[in-house]
Every structure is written in structure tokens, then in C-alpha cells.
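Written below as C-alpha cells is the structure these notes are about.
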2 protein chains.
Amino acid sequence: MTITQLQYVLAVAEHKNFTLAAEKCFVTQPTLSMQIQKIEEELNILIFDRSKKPIQLTDIGQKIVNQAKNIVNEADRIKDIVEQQKGFIGGEFRLGIIPTIMPTLLPMFLNNFIKKYPKVKLLIEELNTDEIIVKLKNGHLNAAIAATPLEDEKIKEIVLYFEPFVAYIPEHHSSFQKEEIEVSDLNINEILLLQDGHCFRDGILNLCKNGTDIEQNNFQIQSGSFETLIKLADEGLGTTLLPYLHTMDLKDSDKLKLRNFKEPKPAREVSLIYPKSELKMQIIDALRSTIAGVVKGAIVFQNVQIISPLQKK
Amino acid sequence: MTITQLQYVLAVAEHKNFTLAAEKCFVTQPTLSMQIQKIEEELNILIFDRSKKPIQLTDIGQKIVNQAKNIVNEADRIKDIVEQQKGFIGGEFRLGIIPTIMPTLLPMFLNNFIKKYPKVKLLIEELNTDEIIVKLKNGHLNAAIAATPLEDEKIKEIVLYFEPFVAYIPEHHSSFQKEEIEVSDLNINEILLLQDGHCFRDGILNLCKNGTDIEQNNFQIQSGSFETLIKLADEGLGTTLLPYLHTMDLKDSDKLKLRNFKEPKPAREVSLIYPKSELKMQIIDALRSTIAGVVKGAIVFQNVQIISPLQKK
DNA sequence: ATTTTTGCATCACAAAATACTATCAAAATG
DNA sequence: CATTTTGATAGTATTTTGTGATGCAAAAAT
């Protein structure tokens with residue numbers, strides 16, 4: 001039994017297809033077929049049920065795949081340990097970022113980071129929280145930036161900053177006169193929300209559920225970008241909530257429509273998250289310190305109340 | 001990097017000698033030398049400092065060895081998973097037992113066990129607790145039977161039974177008249193103890209320290225067997241304490257000198273212990289159930305007070 | 001101080017394992 | 001029914017792993 005064989009098993013288990021798995025492993029399909037047969041023979045069991053289409057894991061195969069993941073992860077960490085010892089910070093690093101953080105945070109730290117760690121090849125992907133969790137677990141991402149806490153056993157979190165929610169109230173709205181607003185001023189049914197799947201949407205639903213129930217009446221528009229929501233609000237279609245960093249690059253005329261919450265301000269917790277396997281910890285730590293550096297200047301710590309980003313059932 | 005290479009690294013790390021390590025791996029020394037060189041080259045580091053005699057691990061080498069242990073352990077478990085699935089209970093199994101449990105417990109369950117699981121080749125070794133802990137951690141033992149709790153992070157314990165201490169009081173002793181005795185009746189300085197290194201000795205010291213301090217006066221004889229202690233006690237040299245199972249095969253004349261403690265009786269906790277890696281769990285569980293079966297008849301559960309087997313500093 | 005022993009490295013070569021190309025057979029697709 | 005997809009197999013090339021013989025330096029023994 002070799003580590004290579006286990007990697008082949010994992011590839012087939014993931015793609016449910018020998019040919020595709022072989023490609024991903026950069027070998028030909030017969031090579032992979034034979035190695036899979038060899039390990040099955042050595043263990044004297046069948047890992048895959050080839051009679052089903054697409055290919056299925058047998059019961060014992062599932063157990064072996066789980067264990068193989070452990071082994072391959074632990075083996076990968078050896079190279080990690082060596083690099084860490086050498087103080088080498090480089091190589092490919094796959095980072096996921098949720099859409100509501102991406103446009104504001106990424107420009108703030110990306111330049112700093114690539115200058116400081118030129119040997120790291122950052123591969124950044126915009127994904128929503130659910131997709132991120134899956135990809136962290138199956139190893140397609142090394143780390144991600146998302147709203148937390150996620151309460152996921154297999155994922156670790158390092159809090160980067162707390163980002164208050166800011167209300168955007170169009171001029172004609174009744175709350176426009178107030179200097180600061182409270183959660184109770186908000187009517188969930190007139191808040192313009194992002195599409196389903198954005199955790200920022202879920203966070204706001206959690207925030208507002210506290211007082212009133214959601215009435216499924218009237219209209220509800222959901223958009224994928226805050227810019228749309230702002231324009232809709234300006235058209236008199238309701239109010240909206242923005243994460244603090246988003247408010248910084250509004251036009252001055254729009255900034256006048258922003259209203260802070262009274263303390264403790266509702267806020268989201270933004271964290272760097274990564275799988276428990278803790279691969280590439282040097283780079284994760286490099287990211288953390290770079291982001292901490294740039295965010296410290298932008299976000300003044302205030303008395304905040306953290307809103308869960310999770311969808312409550 | 002292959003699992004085989006990691007095993008070679010572990011063998012050299014353990015024996016600090018290429019030639020010996022090669023033997024243990026059942027390959028020639030050049031094979032092992034070359035594979036070690038290959039993995040060092042692949043990682044581009046030195047794992048061993050060959051200039052020192054005996055060979056030393058480099059700093060990074062130590063870290064790699066730690067990780068290699070993980071990997072090899074996890075890899076071993078794959079075969080374990082397969083056997084478990086197949087319901088196969090067999091193969092070599094190395095069991096350590098402490099000297100004060102060996103002569104009484106082993107005859108009680110060994111016959112049952114080998115009849116029930118004829119494919120298991122039990123390799124039993126008499127070792128004291130310290131030796132057992134080392135050998136469990138480095139993989140030279142699969143499990144052991146010892147007094148617990150050990151409070152060791154890396155070792156798991158399954159309690160088998162509680163074995164009360166019984167006092168052996170010679171006829172002319174002042175406590176001989178009492179039907180039941182108490183801890184306060186014991187004078188640590190007149191109790192005959194086993195040699196240093198036996199945890200039964202440490203347990204008794206813990207028991208008696210509660211009341212009085214140990215005076216380092218007079219005489220203290222330490223023996224390696226209870227039989228010696230009994231004879232010395234008969235000669236009027238003091239009293240001694242025996243574990244309950246040991247009292248069962250005394251001569252009737254000697255049994256008259258036994259005195260039980262008042263409840264809660266001081267007792268030792270005897271457990272099946274094994275490393276966290278949890279290899280060969282099927283056999284460990286087979287042992288547990290076999291021993292539980294035979295002990296249930298012999299030891300009536302009573303109100304006991306567990307004495308720690310650990311040497312307090 | 002010389003010899004012997006110990007212990008790892010190196011060389012040349014054998015055996016085994018791994019991978020590739022080409023091809024086949026079965027199942028799924030149209 | 002022809003076509004495509006997908007995994008297995010055969011034969012061969014390449015790479016890896018292993019062996020025995022030997023070298024060489026340092027430590028141990030005489």
C-alpha cells in the first residue's frame with residue numbers, strides 16, 4: 001500500500017470516474033485502474049462497486065476512503081513542516097471569499113500581501129459560505145474569509161474583525177430624520193435583501209426576527225449586489241443594510257443617507273477559516289497578519305453585538 | 001515519499017543505527033541508506049545528523065519523525081479496518097501485564113481466550129507500568145493490563161474490575177483480633193512492601209500517606225513477590241497488603257490471617273489500556289469481554305475507594 | 001601506533017513496481 | 001443498430017527498490 005495508491009482511490013471516490021480521476025492525477029487511466037486493483041487485491045476487498053453507474057463506493061470502501069483522507073492529509077503536512085522550518089512562504093494557496101466581503105476587503109490587503117510574500121501564488125475564488133465549507137473539507141480550498149461563527153466541527157476560525165451593519169435610509173423615509181437608529185425601527189418587510197444563499201441576508205433575517213415576524217406579504221426584491229439595493233432604495237422601494245466597509249466608497253451624496261445603529265451595534269464577525277488539518281499554516285498566518293494590519297486602520301473597534309450568519313430553520 | 005520510506009526513517013530514529021534498523025525492516029543496510037537519502041533529498045533537508053555517534057535526529061528530523069509516526073499509524077489502521085469489517089479476529093497481539101496482576105488474572109482468562117479466538121497469537125510480557133507506557137506509545141505493545149487511572153493523554157483505559165486490598169495480619173499483631181480493619185490501623189512503617197517500580201507499592205504509599213507521614217527509621221524490606229512478604233509477615237516482621245485475587249489461593253491457615261477493610265474498601269482499579277491510535281480494536285474488545293466474563297464470578301462488587309497507582313512526587 | 005571493528009556510503013546489477021500505448025468489451029447513448 | 005463512453009487487459013518501457021560486494025572514515029581494541 002502506497003500513498004500514491006491512496007491518492008488514486010481518493011480521486012476515483014471524488015470523481016466517480018476512472019478516466020477523469022486519472023487525468024486529475026496526471027496519469028493514464030490504465031495506470032490508475034491497475035493501482036486501484038492492486039490495493040484492492042492487497043487488502044483483499046472491493047473498494048468500488050463498478051457495476052453501478054456512476055461508480056459507487058462499497059461500504060468498506062467508504063471507510064477506507066475516510067481513512068485514506070487522513071493519511072494523505074497527514075502526509076501532505078510533512079512537506080508543510082519542512083517549509084515552515086525553512087521559513088519558506090510560497091507555493092499555491094487557494095483562498096475562498098464570500099461575495100459580500102470580496103469587493104471591499106480584497107483590494108485592501110491584496111497588494112500588501114503579494115508584495116510581502118511574492119512567492120505565494122494566491123488563487124482567489126468568490127464562493128458563498130456553503131460552497132466554501134464543502135471545498136475546505138474536500139481540500140479544494142486552503143482557507144477562506146467568511147462571516148462567522150459557523151459552528152462547524154471540522155473548521156477552525158480566526159476572527160479578523162467585526163464589521164457593523166449600517167442602515168441606508170432614503171430621504172423620504174420616516175427614519176431619515178433620526179441620527180441613530182435601532183433594530184426596532186426596522187421593518188423586515190421593507191428591507192431590501194440580497195439573494196438567497198448570501199449569509200449577509202441570513203444575518204439580517206436573524207437580526208430582525210428578534211422583534212417582529214416576517215410577513216410574506218407585499219413585495220420582496222432580492223439582488224446579488226449592494227449597488228442594486230442602494231439604487232432600489234433611492235427609488236423609494238425600501239431601506240437596506242450595508243456592511244460598514246461597503247459604505248466607505250459611497251458617493252458623498254449617498255453617505256448622507258447612512259445611519260448608524262445605537263450601541264451595541266449589530267455587526268458581523270469576519271474570520272479567516274481553514275480546515276482542521278491545518279495545512280499551509282504559515283501562509284494562513286501571513287494572511288491573518290496582513291489583513292489585521294490593513295483593517296486596524298479602517299475599522300474602529302466599537303461596542304458591537306454579533307449576528308449569526310447561519311440560516312435558522 | 002512513500003510509507004515504506006517513513007517506516008525506514010522511524011526504524012533508524014528508534015535504533016539510532018542504520019544496520020540494526022535495516023535488520024528490523026528486513027532489508028539490507030544499503031537499501032535503507034538509499035531510501036533515507038531519497039526522502040532527505042526529496043524534502044531537501046537532513047533528517048539525521050550522521051556526524052554524531054550514535055546518530056542523532058536533527059531538529060527538523062524530530063518533527064518529521066513525529067509526523068511520520070502519525071502517518072504510519074494511520075496507514076496501519078487501514079488493514080485494521082478491513083479486518084474488522086471482515087469480522088476477522090486474529091494475528092499477532094502483544095499484551096503487557098504488570099507483575100502484581102499477571103499470576104492471578106492471566107490463568108483465569110488465558111484458556112478461555114485462546115479457545116474462543118484461536119487465530120490470535122497472544123504475545124504476553126510481564127512489565128511494570130512505566131515500561132508498559134513506553135512500549136504502548138512506541139508501538140511495541142498493542143495493549144496492556146495495569147492499575148489505573150494513569151492520567152496519560154495518549155493512552156486510553158477500559159476499566160476491567162476493582163480489586164480491593166486485603167490486609168494480612170500475623171497472629172501476634174495487635175490488629176489480629178479485629179474482624180475488619182481501617183486505614184488508620186495501618187502503620188506505614190511496619191507494612192512490608194514490594195520493590196520500587198511496582199505500582200502496587202505506590203498505591204499503598206498513597207493510601208497510607210493520608211494519615212501519617214512516612215518515617216524513614218527502623219527497617220524496610222522490599223520484595224518482588226507477595227509470597228516473600230507473607231513469609232516475612234509470618235516471621236513477625238510486620239504486616240502486608242495483598243490484592244484480593246491473590247488471597248484466593250492462599251493456604252487455609254494463611255487465610256485466617258486476612259482482614260478485610262471497612263467499607264469503602266481501598267481498592268485498585270484494573271484496566272485494559274491501549275494507545276490512542278486504536279489499532280486492533282477487535283482484539284482489544286475480545287480481551288475485554290473475555291476478562292469481564294471470568295472476573296464477574298470472582299469479584300463481587302463492593303463499595304470501594306480507588307487508590308491511585310501513580311507515584312506522587 | 002597499528003590493527004580491527006563498526007557503521008554508513010557507493011557501485012553495479014537484478015527484481016519488482018509503475019507507467020505508458022494500444023486494444024478490447026460492455027454498457028450507455030442516440 | 002451504430003456510436004460513444006468507460007473500465008479492463010496485454011505487452012512493453014521506465015523507474016524504483018532491492019541486493020551483494022566494496023570502500024572508507026571513525027572509533028575501539030590490542
Side-chain angles (χ1 to χ4, degrees), chain A residues 1-58 60-62 64-65 68 71-72 75-76 78-79, chain B residues 1-58 60-62 64-65 68 71-72 75-76 78-79:
Chain A
M1 186 179 63
T2 68
I3 294 172
T4 310
Q5 284 171 348
L6 295 176
Q7 286 169 329
Y8 293 168
V9 169
L10 291 185
V12 175
E14 183 176 352
H15 298 105
K16 313 275 182 216
N17 175 317
F18 277 61
T19 315
L20 183 55
E23 263 176 52
K24 299 281 175 183
C25 294
F26 305 104
V27 292
T28 57
Q29 169 263 316
T31 300
L32 189 129
S33 273
M34 294 195 69
Q35 288 309 313
I36 301 263
Q37 283 172 36
K38 247 189 80 185
I39 190 174
E40 285 182 328
E41 193 182 340
E42 179 184 344
L43 300 176
N44 206 24
I45 45 139
L46 283 180
I47 297 174
F48 298 102
D49 178 351
R50 295 154 171 84
S51 71
K52 298 222 178 81
K53 301 266 169 164
I55 268 182
Q56 288 295 303
L57 281 165
T58 60
I60 177 87
Q62 181 61 59
I64 286 176
V65 163
I71 297 172
V72 171
D76 283 346
I78 286 231
K79 282 164 192 162
Chain B
M1 187 178 65
T2 68
I3 295 172
T4 311
Q5 285 171 348
L6 295 176
Q7 286 168 329
Y8 293 170
V9 168
L10 291 185
V12 175
E14 181 176 354
H15 299 105
K16 313 273 182 219
N17 175 317
F18 278 59
T19 316
L20 183 55
E23 263 176 51
K24 299 281 175 182
C25 294
F26 305 105
V27 292
T28 56
Q29 169 264 316
T31 301
L32 189 131
S33 274
M34 292 183 80
Q35 288 307 315
I36 300 261
Q37 283 171 35
K38 246 188 82 184
I39 190 173
E40 285 182 327
E41 194 181 339
E42 179 184 342
L43 301 176
N44 206 24
I45 45 137
L46 284 179
I47 297 174
F48 298 102
D49 179 351
R50 295 154 170 85
S51 71
K52 298 222 176 81
K53 300 261 168 166
I55 268 185
Q56 287 295 302
L57 280 165
T58 59
I60 177 88
Q62 181 61 60
I64 287 175
V65 164
I71 297 171
V72 171
D76 283 346
I78 286 230
K79 281 164 194 164

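Here the structure is a predicted model, which means the values were calculated and not measured. Below, read A as the first sequence line, B as the second, and so on, with proteins coming before strands; counting in each chain starts at 1.
In this structure, the CE atom of A/M34 is 13 Å from the C1' atom of D/dG7, given to the nearest Å. One interatomic measurement links the two molecules: OH of B/Y8 to C1' of D/dT17, which rounds to 8 Å at whole-angstrom precision. Atom CG in B/L32 sits roughly 9 Å away from atom P in C/dA9 (whole-Å rounding). For B/L46 and C/dC8, the CG to P distance is 15 Å, given to the nearest whole Å. Distance A/K16 NZ to C/dA27 P: 21 Å, rounded to the nearest Å. Note: CD1 (A/I39) to P (C/dT18) measures 11 Å, nearest angstrom. As a whole-Å value, the separation of B/E41 CD from C/dA9 P is 13 Å. Put simply, CD on B/E42 is 14 Å from C1' on D/dT15, counting in whole angstrom units.
Using a 4.5 Å heavy-atom cutoff, the side chains of B/L57 and B/V12 are not in contact. A 4.5 Å side-chain heavy-atom check between A/T58 and A/I45 finds every atom pair outside the cut-off. Side-chain contact between A/T2 and B/I3 is absent, with no heavy-atom pair separated by less than 4.5 Å.
Each of C/dC20, D/dG18, D/dT17 was ranked by its minimum atom distance to the side chain of B/K38; first place goes to D/dT17. Counting only heavy atoms from C-beta on, A/Q5 has its side chain closest to C/dT18 among C/dC8, D/dG7, C/dT18. With distances taken from any side-chain atom of B/P30 to the nucleotides C/dC8, D/dA8, D/dT19, the minimum falls on D/dT19. Looking at the side chain of B/N17, the nearest of the listed nucleotides D/dT19, D/dG7, C/dC8 is C/dC8. Looking at the side chain of A/T2, the nearest of the listed nucleotides C/dC8, D/dT17, C/dT18 is C/dT18. Counting only heavy atoms from C-beta on, A/Q35 has its side chain closest to C/dT18 among D/dT6, C/dT18, D/dT17.
Between B/T19 and C/dC8 there is a side-chain polar atom (N or O) within less than 4.0 angstrom of OP1 or OP2. Residue B/R50 places at least one side-chain N or O closer than 4.0 Å to OP1 or OP2 of C/dA9. Listed pair B/T28 / D/dT19 meets the phosphate criterion, a side-chain N or O lying under 4.0 Å from OP1 or OP2.
Of all heavy-atom pairs spanning A/F18 and A/S33, the tightest one is CD2-OG, 3.4 Å. Nearest approach of A/I71 to B/I71, heavy atoms of both residues: CG2-CG2, 4.2 Å.
Across all strands, B/T31 comes closer than 4.0 Å to base atoms (heavy-atom distances).
Residue-to-nucleotide proximity on DNA chain C shows that, of A/V27 and B/E40, the 5′-proximal contact is made by B/E40.
For A/Q37 against D/dA8, no side-chain N or O and base N or O form a donor-acceptor pair under 3.5 Å.
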